[in-house]
Amino acid sequence: QVQLVESGGGTVQAGGSLRLSCAPSGRTSSRYAMGWFRQAPGKERELVAAISWSGGSFDYADSVKGRFTISTDNAKNTVHLQMNSLKPEDAALYYCAAKERTTYYSYYTTPPDYDYWGQGTQVTVSS
């Protein structure tokens with residue numbers, strides 16, 4: 001069984017920054033495509049950013065382009081989400097997700113694509 005451990009959530013003022021991190025633990029394979037999703041109360045879970053195992057392919061939600069950056073550290077099998085210029089509408093529970101059996105350049109943008117999920121880390125943005 002694979003567990004995803006997230007860290008880095010918290011409360012920040014509008015315009016501030018946070019960095020989320022996520023690492024698989026347990027019975028892990030060597031290759032995962034990773035993604036960050038978020039879910040605000042009363043809303044569906046939505047993609048924030050996704051990245052391939054290689055780190056060379058990625059995608060972002062339009063609402064975060066230019067403000068958020070997803071990256072991987074394959075040596076540590078960790079994915080990061082750097083969030084800058086945070087807005088109140090970015091407040092949500094952020095989930096890390098991992099898909100195994102992936103190819104070098106593939107990333108995935110919908111929740112059913114993923115095999116494993118973290119418990120979520122709360123991001124609160126005050127105006």
Side-chain angles (χ1 to χ4, degrees):
Q1 190 67 19
V2 174
Q3 294 84 39
L4 299 179
V5 181
E6 300 137 330
S7 62
T11 300
V12 65
Q13 287 190 329
S17 299
L18 286 172
R19 187 179 191 233
L20 306 183
S21 298
C22 173
S25 64
R27 189 179 177 184
T28 61
S29 71
S30 60
R31 181 184 296 181
Y32 295 99
M34 304 294 291
W36 286 99
F37 290 78
R38 66 187 182 188
Q39 189 167 16
K43 295 188 177 181
E44 292 187 353
R45 191 170 298 190
E46 63 175 2
L47 174 76
V48 178
I51 193 166
S52 63
W53 171 72
S54 68
S57 301
F58 43 82
D59 195 18
Y60 295 93
D62 288 342
S63 59
V64 307
K65 284 180 180 176
R67 301 188 297 121
F68 291 12
T69 302
I70 190 170
S71 60
T72 58
D73 180 346
N74 284 340
K76 298 181 181 179
N77 213 17
T78 301
V79 63
H80 304 288
L81 183 69
Q82 178 66 43
M83 304 186 295
N84 298 329
S85 302
L86 282 159
K87 303 176 180 180
E89 52 263 41
D90 293 318
L93 192 58
Y94 281 69
Y95 295 92
C96 173
K99 175 177 173 57
E100 58 187 2
R101 304 184 192 90
T102 183
T103 62
Y104 196 68
Y105 287 115
S106 296
Y107 59 83
Y108 304 88
T109 59
T110 65
D113 291 326
Y114 288 86
D115 301 303
Y116 304 105
W117 290 85
Q119 293 297 308
T121 185
Q122 183 68 43
V123 171
T124 303
V125 184
S126 60
S127 57

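As the structure is a computational prediction, the values presented were derived from the model and not from experiment.
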Participant: Short question: side chain of Thr69, backbone of Gln82 - any donor-acceptor pair under 3.5 Å?
Facilitator: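 Such a contact is absent between Thr69 side chain and Gln82 backbone.
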Participant: Within a 6.0 Å radius of atom CD on Glu89, are there more than 12 heavy atoms belonging to other residues, nucleotides or ligands?
Facilitator: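 Count over threshold, so yes.
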Participant: Taking all atoms of both residues into account, what is the closest heavy-atom pair of Cys96 and Glu6, and its distance?
Facilitator: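 Looking at all heavy atoms of both residues, the closest pair is N-OE2, 2.7 Å.
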Participant: Evaluate the side chain to side chain contact (heavy atoms under 4.5 Å, CB included) criterion for residues Trp36 and Met83: first the C-alpha distance (whole Å), next the side-chain angles of each, then the deciding distance (0.1 Å), finally the verdict.
Facilitator: CA-CA 12 Å; Trp36 286 99; Met83 304 186 295; over 6 Å; no
Participant: Count I, L, V, M, F, W, Y as connected when their side-chain heavy atoms are under 4.5 Å apart, and connections chain through other members. Are Leu20 and Ile70 then in the same cluster?
Facilitator: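 Shared cluster, yes.
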Participant: What closest approach, in Å, do Ala91 and Val125 show between heavy atoms, and which atom pair accounts for it?
Facilitator: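 Where Ala91 meets Val125 most closely, the heavy atoms are CB-N, 3.9 Å.
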Participant: Can you name the nearest heavy-atom pair linking Tyr114 to Met34, along with the distance?
Facilitator: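 Distance-wise, the nearest heavy atoms are OH-O, 3.6 Å.
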Participant: Does Val79 share a hydrophobic cluster with Leu4, counting links as ILVMFWY side-chain heavy atoms below 4.5 Å and allowing steps through other members?
Facilitator: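 In one cluster: yes.
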Participant: Might you confirm whether atom CD of Gln13 has over 12 heavy atoms from other residues, nucleotides or ligands at distances under 6.0 Å?
Facilitator: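 No - once you tally the heavy atoms of other residues, nucleotides and ligands closer than 6.0 Å, there are 12 at most.
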Participant: Judged by atom type as modelled, is there a donor-acceptor pair below 3.5 Å linking the side chain of Ser57 to the main-chain atoms of Tyr105?
Facilitator: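 Side chain of Ser57 to backbone of Tyr105: a pair is present.
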Participant: Can you say whether the rings of Tyr94 and Phe68 are parallel (under 30°), tilted (30 to 60°) or perpendicular (over 60°)?
Facilitator: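 Correct class here is tilted.
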Participant: What I want to find out is whether Lys87 reaches Asp90 closely enough, with some N-O distance under 4.0 Å, to be called a salt bridge.
Facilitator: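 Answer for the salt bridge query: no.
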Participant: Starting from Leu86, can I reach Tyr60 by hopping between I/L/V/M/F/W/Y residues whose side chains sit under 4.5 Å apart?
Facilitator: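 Yes, one cluster joins them.
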